[in-house]
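This structure is a prediction, so every number in the text was calculated from the model and none was measured.
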Amino acid sequence: MSGIHDDVDLGHTVAGWTGCVVVLCGCATIGVAMCAASSLGVWLGIGVIVLGGLVTWALHLAGWGKPSGPRPPEQWDWRGRTR
């Protein structure tokens with residue numbers, strides 16, 4: 001089964017996972033707000049999604065993200081701080 005996909009550096013980093021969780025919370029907020037017919041909740045969810053992008057970018061700049069360019073396969077696991 002592993003031969004179906006090429007080897008890909010998925011970038012399992014603190015910055016990536018933190019941003020993903022924050023954006024997922026924003027999407028959940030939008031979903032609940034749509035069910036409740038709350039336009040304020042939709043805008044709050046959009047704000048949380050934007051915050052997720054900013055948090056990811058800040059963590060990447062702080063050294064918790066994947067460095068630019070390809071990484072060797074032995075470094076594809078979780079990454080700590082790069083500095």
Side-chain angles (χ1 to χ4, degrees):
M1 194 70 163
S2 64
I4 294 174
H5 303 287
D6 291 335
D7 288 333
V8 177
D9 181 9
L10 296 176
H12 295 293
T13 63
V14 174
W17 282 102
T18 303
C20 184
V21 169
V22 173
V23 169
L24 181 62
C25 289
C27 290
T29 302
I30 291 174
V32 170
M34 290 181 71
C35 290
S38 169
S39 61
L40 178 64
V42 171
W43 285 108
L44 177 68
I46 291 170
V48 172
I49 291 172
V50 171
L51 178 69
L54 294 173
V55 165
T56 304
W57 182 50
L59 285 172
H60 174 72
L61 292 177
W64 290 98
K66 179 180 168 282
S68 298
R71 296 188 295 177
E74 60 271 3
Q75 292 181 0
W76 286 2
D77 58 347
W78 278 87
R79 294 205 30 111
R81 206 176 156 109
T82 55
R83 295 181 196 179

**Prompt:** What's the shortest heavy-atom distance between His60 and Gly65, and which atoms?
**Reply:** ND1-CA, 3.8 Å

List the atom pairs, donor and acceptor, that lie under 3.5 Å between side-chain atoms in residues 27-48 and the rest of the protein, sequence neighbours left out.
unit_1	atom_1	unit_2	atom_2	d
Thr29	OG1	Cys25	O	2.8
Ser38	OG	Gly41	N	3.0

**Request:** Applying side-chain contact (heavy atoms from CB on, under 4.5 Å), name anything that partners Val55, two or more places apart in sequence or on another chain.
**Result:** Thr18, Leu51, Leu59

